[in-house]
Every structure is written in C-alpha cells, then in structure tokens.
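For reference, the structure is listed below as structure tokens.
When a residue number appears, it is its place in the shown sequence, counting from 1. Below, each value reflects all heavy atoms present in this structure, side chains not excepted, and no hydrogens, waters or symmetry copies.
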Amino acid sequence: MNHISRRKFLKVLGGGTVAATASLLGCKGPKDGDNGNEYNHQTEPPVGKMTYRKNPRTGDNISLLGYGMMRLPNKHEGDKEVIDQEMVNKLVGYAIEHGVNYFDTSPAYCQGHSEESTGIALHHHPRDKYFVATKLSNFDPSTWSYASSVKMYHDSMKALQVDYLDYYLLHGIGMGGLDNLNARFVDNGILDFLVKEREAGRIKNLGFSYHGDIEVFDHLLAQHDKYHWDFVQIELNYLDWDFANEINKDNTDARYLYGELNKRGIPAVVMEPLLGGRLATIPQFLATKLKKRDPEKSVASWAFRYAGTPDGVLTVLSGMTYMEHLKDNLLSYCPLVPLTEEDNSFLYEVAKEIVGVETIPCNDCKYCMPCPYGIDIPGIFVHYNKCKNEGRLPVENMAEEYSKRRREYLIGLDRAVPKMRQADHCIGCGQCEPHCPQKIRIPRELHKIDQFVEKLKQNPYVFENDEKKQQS
C-alpha cells in the first residue's frame, strides 16, 4: 500500500466536509432546506440551565453537550472555501454563554486548520471557562517517530494558544489492529512520554478514541492499572447500542463498550450520537413516529437525549456547523430530561426498523480519506443514504414521479459532490477500505452507486425498479 504525506492527509481529510454537510441538509442551509422546517419556530435555549457531569478524577464539572470542532462553517474566499472565523467565534461564544465548556478538536480536522480556528475562538474567553480536548492524530507513518509525534503534540498547544491540554487522546485506536497501535504509540515511546506530560500537569486527562478492532480496545483497558485512563471516547447512540454488529459484523455494540468502561469507573466521552447525521435523517415514516410521540422535539433531540442519559457519560460531542443545530442541541441539555425505560424501548423499536432499511453504514467520519484519486467517498454515501431514507430514490414505476426524483438525485449529487470527485472516478485501488471503522466494502459500494447514477443519466424515463435489479 502506498503511503501519502501527512500534509496531503490533512489537506484532503477536511476536503469533503462542506459537501457532506450540504448533502446532510439537502444541499441547502437549515433555514432553506427541508430539514430546516424543524427550526422555523425554534425556542431560544435558556441560559444557566446546562446539565453538567463531574469528572471523577479532577472534580471538574463538564457540560453534557460538547462542541466537536470537526465541521466548522466555511465561506468563499475567491475560488477557495475557508473557515468562517467570524461565525466560529459567534458559535463558540453563544455555546459558552449557554454553558458549553468542552471543545474537541484534532490536528487532522478541517484540512488541518481546526485547532488554529478553535484556539482563536476560545482565546476570546477566560481560560477557566473552557476545557479543550485534542488528539495525537499520527495516522500517517511519516508521523510515527518519537520526534514527529512530540512535535505534533507541541504544535497542538501552540495552535490552541494554551500551555496545557485538559483532555488529550490517542486518536483512532483499533484501526489497523495491535500492530498499528504499537507502531503509533508504544514502540516509539510516545505513550510513556504522554504519561510523563500528565504527571507534569501539561496534560490534565489522558485517554483514547476507539474505532475498529475490539482486540485493541480490550488490550488497552486491560492495562488500565498501568496507564490509568482518565476517559475513553466511544461511539454511542440508540442504533449502535445493540445493532452495531448487525449493521456490520465487525462492529462492536455500544452496550459492550460502555459496559466495559463503566465497570472500571472510566468516564465515556460520546462521539457519533447522530451516526454522522444518519439519526437526524431517518426514514420519513420513522421520523413521523418520533414527531407524533413528542411534536415539540426534533428528530435529532431523541438521539442526543439517549446518548446523554447514562450516568457514566461525561459529555456528548456534536459537530455543529449552524446556529440552529447548536440551539436545538442546547435545548436537549438545558437541562437534560433523561429518557425513561419506556422511551428507550420505543427507540429500540425504531432502531430495529432502521436496521431493516438497507443503507450504506457510513458515519461520515472521513477515516477513508484521502482518496488518492480525489473521490469524496463520504459525500457520495451521505447523499445516497439521505435520498433513500427520505424515500426519494428514483426507483418508482410512475413516469412522472420517476422523472422528478431522477432530476432531484442528479442535481443534488452535483451540488453535494463535485463531478471530478464522484464515484465514476473510482479505480478500485482499495486503499480506503482498511481504514473504515464500519468495514464497508467501499470500492464495491462506489461501483454500485456509479452504475445506479449512470442508468439515471442514460434512462430519463425508465419505469422499472433498477435498484432491485441491481441488488439481485
């Protein structure tokens, strides 16, 4: 497998963020798109009502809503898209005003600019008003040496404009198995270095984020007496709680991950409460069920309340690009109204029905990126899943409806993903597949979508169900 440089990795990792976010929102902002309807009469979240969880080691009170700085707002600057720093400052200020004090970033987010943008936004506020988390994102082999990893660590503090880090993570353990873990963190001595940095007070809490191979998760927890993990970041939502393994046989149910942390008293930081947006854009008939049960709550709020209800959860991360999303999530946690057992049973039934809808289990995590041929893999999958969840794939027998949906799909795809980054440019090299935490057979799925799109382009008035024929 050919290795790419870290600079290219950082550049391309953030490249699909805008497109993927646009496709999640129906290629429009939340005020204009269909998903924005939930926010038209949005209640202003109250100040001073945030729910907090106590860090058992430090005693710090952490806001149950954490701000994930992975999907920052962008603006056009000439022919480029850059981070809209003014809007980031506004969002962060509003979040802090309403009690959010946990901000999670990485040197790999937003084309390598998330830490710098986060540091600028947070620097407007007193240091004791926030806790900042970042990661040792040494994915590329060129960063595996002790010197390179230490430099990444120091560069993070410089970009964030801090002289200590509240929460520091080994990023994405489990991807690549034990050999990868040892090469990135153990054999080079960097984990021992980080433990000493914690002893010196420059790292307040040391943990790791988990994706992939459960053997690595169990291996690190088995060494808890040695490393004394202060927290662990896991994927937890009402679909993954019992059905992660059914979605993909190589995934591990969140029930197990959370249980293993809880029995050791290790706080869980939750990522993917919405599964990369999939639980905010569930099939319409299921969204209707949620709205019928509580018309005042958004579809997304059910997932956030679910993720925040367990006592062992320290904070729930959300990447909030738009003020409407920030306000909606604040309403879920200002204060949290925990789900009842009856609520949980209701959501598990919804989860069973979601499993029955055959979508591509992509969480938009972008660990498959960069594609050496520039393909926006998550953007393509997110657009397909959104249309399928909404029942708007152009596979109906009625000519008029088929033609309308065909046009919507193709135009929406071109808006979400530039033509040069679409599935028809995949050559099947397979470099992406080993990095996918969901174990998606990425080239195969891209090839299927390419065939689907090509049929739409060639047959504007085909009335037969091409999707069923393709799956058979």
Side-chain angles (χ1 to χ4, degrees), residues 30-31 35-36 38-56 58-69 71 73 87-104 118 121-122 124-133 166-167 231 236-238 267-274 279-280 290-291 293-344 346-347:
K31 290 184 179 179
N35 287 339
E38 288 194 294
Y39 308 116
N40 286 345
H41 305 288
Q42 189 174 52
T43 303
E44 190 71 14
V47 175
K49 297 295 185 179
M50 173 62 68
T51 297
Y52 292 90
R53 293 278 167 78
K54 188 177 293 293
N55 181 320
T58 65
D60 294 326
N61 288 316
I62 307 299
S63 59
L64 189 52
L65 177 61
Y67 210 126
M69 308 298 286
R71 297 181 177 92
M87 181 54 67
V88 174
N89 295 347
K90 183 178 179 180
L91 288 164
V92 167
Y94 190 90
I96 289 177
E97 178 187 357
H98 287 78
V100 175
N101 63 11
Y102 190 98
F103 296 84
D104 172 86
T118 301
L122 291 176
H124 292 290
H125 305 274
R127 184 65 177 90
D128 62 357
K129 290 291 186 181
Y130 62 85
F131 301 95
V132 64
D166 300 286
Y167 291 80
F231 69 109
L236 188 155
N237 51 72
Y238 67 81
V269 171
V270 171
M271 57 182 167
E272 302 291 356
L274 289 180
L279 297 183
L290 294 180
K291 296 298 289 185
R293 188 174 178 90
D294 192 338
E296 299 301 316
K297 300 295 185 183
S298 69
V299 172
S301 70
W302 282 95
F304 279 100
R305 289 175 63 206
Y306 180 87
T309 293
D311 292 337
V313 170
L314 186 65
T315 189
V316 178
L317 301 178
S318 176
M320 297 170 282
T321 310
Y322 299 98
M323 184 63 77
E324 289 85 353
H325 298 162
L326 171 58
K327 288 183 178 181
D328 189 55
N329 294 345
L330 286 168
L331 288 168
S332 295
Y333 291 145
C334 290
L336 168 73
V337 178
L339 294 183
T340 64
E341 286 300 318
E342 185 180 353
D343 290 331
N344 283 334
F346 169 72
L347 284 181

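Under the side chain to side chain contact (heavy atoms under 4.5 Å, CB included) criterion, K54 pairs with N61, sequence neighbours left out. Residues forming a ring pair (Phe, Tyr, Trp, His ring centres under 6.0 Å) with Y167 (at least two apart in sequence, or on another chain): Y102, F231. Remark: Y52 pairs with no residue by the ring pair (Phe, Tyr, Trp, His ring centres under 6.0 Å) rule, at least two apart or across chains. Applying the side chain to side chain contact (heavy atoms under 4.5 Å, CB included) criterion to P126, with sequence neighbours excluded, gives D128, K129. By the side chain to side chain donor-acceptor pair (under 3.5 Å) test, S332 pairs with no residue at all, sequence neighbours left out. Take E44 and apply the salt bridge (Lys or Arg N to Asp or Glu O under 4.0 Å) test, not counting sequence neighbours, and it matches K327. Partners of P56 under the side chain to side chain contact (heavy atoms under 4.5 Å, CB included) rule, at least two apart in sequence or in another chain, are P267. For the salt bridge (Lys or Arg N to Asp or Glu O under 4.0 Å) test, no residue two or more places apart in sequence or in another chain qualifies with D60. Taking the side chain to side chain contact (heavy atoms under 4.5 Å, CB included) definition, one finds that V337 meets it with R305, sequence neighbours left out. The salt bridge (Lys or Arg N to Asp or Glu O under 4.0 Å) check on R293 picks up E342, D343, with sequence neighbours excluded. The ring pair (Phe, Tyr, Trp, His ring centres under 6.0 Å) test applied to Y238 returns no partner, not counting sequence neighbours.
Of the candidates N101, N329, L336, L65 forms a side chain to side chain contact (heavy atoms under 4.5 Å, CB included) with just one, namely N329.
Within the 4.5 Å cutoff, side-chain heavy atoms of V47 are placed close to those of E97.
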